[in-house]
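These notes are about the structure you will find just below.
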Amino acid sequence: MPELPEVETIRCRLAEAIVGRTVKNTVLRRRDVLRYPSGDRKKGQKHGRWLLMGKEIASVSRLGKQLYIADKLGLGIRVCLGMSGRIALSGDPEIPKRHRHITWYFESDTSNPLRMHFIDPRRFGGVYAVTGTKDLENRFWNRMGPDALTITTEKLRDATKRTSRNLKSVLLDQNAISGVGNIYADESLHKARLAPQRAANTINDSELRRLASSIRSCLRAACQMGGTTFKDYRNADGDKGEFVKKLRVYGRQGLNCLSCKSLLEFERLAQRATVWCPRCQPNSEKIHKEHTCR
DNA sequence: CTTATGACCTGATAGC
DNA sequence: TGCTATCAGGTCATAA
């Protein structure tokens, strides 16, 4: 469920809560949430058993929608939240009883006990043991596109210029750009006044600038509001994200466009629900005149 | 190499 | 009430 702003909200809170603290014990209740991609199961199991046990947390970082929690040597865990995953700290008053697949217990002077849970009903998410920063980069992060929160026009051009796939697909492709999911793809395209069906390699320079800046501003605004709780998302303390109040297209198919009053359309694109305004976001590959939108 | 597709799961909700 | 069908914010392996 969580996209970049939701994961960033969680990352900030975790950095505040667990950096400098030492893991006293780790309980893994469901082995299969420990993942071993592309055949390095043995290696993963060897390191995975520890899951930061006895380690002092030195950093909580993020690329796109992925978290990395590590000690000062860089050894750590890569956390993917998938569709329904979350991290909850023991201060959250309503931690669900079910689906708490992993719990980390931190050392404390008893006045300040702290637990951290990995919770994931659908189990599309998972935790990956990583042996160091190089390992993280080689196996995972170097293969991903640049982080969407700070995407530049130039980097977006690299991601779009050589592909005739539609913009929606490219925005959702983590190897092209990291961190945009279904909600912010639709919101960014609407803000940039670009049709989601538009072939990526047909957008001109001013459209490219508009798209890069729309992605950054949508994500930045969502981060500031603690992300979007459309349905289930909760941050590490159990709170909802308020950006749901700012959504202009996502989930609004059949309603009026907030910019121009046209009916918002719906189509399944890249196997995802896609909502756009046919008037604000015309699928024309020609330069069109500025019109009344926004 | 790129790209499209299905698999992986549970839970909430709608319709009969 | 109980059944079935459909939908959900992501990632990964596979095959064309």
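The structure presented is a predicted model; accordingly, all values stated were derived computationally and were not measured.
Listed nucleotides B:dT3, B:dC9, B:dG6 differ in distance to A:R122; the shortest reach to its side chain belongs to B:dC9. Ranking C:dT11, C:dA8, B:dG11 by closeness to the A:P121 side chain, first place goes to B:dG11. Minimum atom distance to the side chain of A:Q271 is reached by B:dG6, of the listed C:dT11, B:dT3, B:dG6. Listed candidates were C:dT11, C:dG9, B:dT3. Nearest to the side chain of A:R165 is B:dT3. Taking every side-chain heavy atom of A:K231 into account, C:dG9 is the closest of B:dT10, C:dT11, C:dG9. Side-chain proximity of A:Y128 to the nucleotides B:dT10, C:dG9, C:dT11 is greatest for C:dT11.
Position along DNA chain C of the nearest nucleotide to A:E3 versus A:F140 favours A:E3 as the more 5'-ward residue. When each of A:D173 and A:D232 is assigned the nucleotide of DNA chain B bearing its nearest heavy atom, the one mapping closer to the 5' terminus is A:D173.
For A:H99, no side-chain nitrogen or oxygen approaches OP1 or OP2 of B:dC9 to under 4.0 Å. An OP1 or OP2 oxygen of B:dG11 is reached within less than 4.0 angstrom by a side-chain nitrogen or oxygen of A:R98. Within the 4.0 Å cut-off from OP1 or OP2 of C:dG9, not a single side-chain nitrogen or oxygen of A:Y184 is found. A sub-4.0 Å separation between OP1 or OP2 of C:dA8 and a side-chain N or O of A:R268 is present. Between B:dT3 and A:T163, a contact under 4.0 Å exists linking OP1 or OP2 to a side-chain N or O.
Between the C1' atom of C:dT11 and the CZ atom of A:R35 lies a distance of 8 Å, rounded to the nearest Å. Between the NZ atom of A:K168 and the P atom of C:dG10 there is a distance of 9 Å, given to the nearest Å. Rounded to an integer number of Å, the gap from CG of A:L171 to P of C:dT11 is 14 Å. If you measure from atom CZ of A:F230 to atom P of C:dA8, you get 10 Å, rounded to the nearest angstrom. The CZ atom of A:R31 sits 20 Å away from the C1' atom of B:dC9 (whole-angstrom rounding). As a whole-Å value, the separation of A:R234 CZ from C:dA8 C1' is 15 Å. If you take CG of A:N166 and C1' of B:dT2, they are 15 Å apart, rounded to a whole angstrom. Rounded to a whole Å, the CG atom of A:D158 is 13 Å from the P atom of B:dT2.
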Salt bridge (Lys or Arg N to Asp or Glu O under 4.0 Å) between A:R198 and A:E207: does it pass, once the steps are laid out?
-> CA-CA 11 Å; A:R198 180 81 175 274; A:E207 291 172 324; 2.9 Å; yes
List the steps and the verdict of salt bridge (Lys or Arg N to Asp or Glu O under 4.0 Å) for A:R272 and A:D186.
-> CA-CA 10 Å; A:R272 300 313 204 108; A:D186 283 8; over 6 Å; no
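A heavy-atom distance below 4.5 Å is not found between the side chains of A:P5 and A:F243. Between A:E265 and A:Q253 the shortest side-chain heavy-atom distance does not fall below 4.5 Å. Side-chain contact between A:W104 and A:F118: present, with at least one pair of heavy atoms (C-beta onward) separated by less than 4.5 Å.
Counting non-hydrogen atoms under 4.0 angstrom, A:A270 reaches nothing in the nucleic acid.
To the nearest whole angstrom, the two P atoms, one in B:dG6 and one in C:dT6, are 15 Å apart. Between the P atoms of C:dT14 and B:dC9, the separation comes to 15 Å (whole Å).
With a 3.5 Å ceiling on both atom-pair distances, the Watson-Crick or G-U wobble partner of B:dT3 is C:dA15. Of the nucleotides present, none pairs with C:dG9 by Watson-Crick or G-U wobble criteria with both distances under 3.5 Å.
We find that A:R86 and A:D92 are joined by a salt bridge, their nearest charged nitrogen and carboxylate oxygen being less than 4.0 Å apart.
Stacking between A:F124 and C:dT11 is absent: the aromatic ring centre is not both under 5.5 angstrom from the base six-membered ring centre and within 30 degrees in plane angle.
Exactly one of A:I119, A:I10, A:D120 qualifies for a side-chain contact (heavy atoms from CB on, under 4.5 Å) with A:L81. That residue is A:I10.
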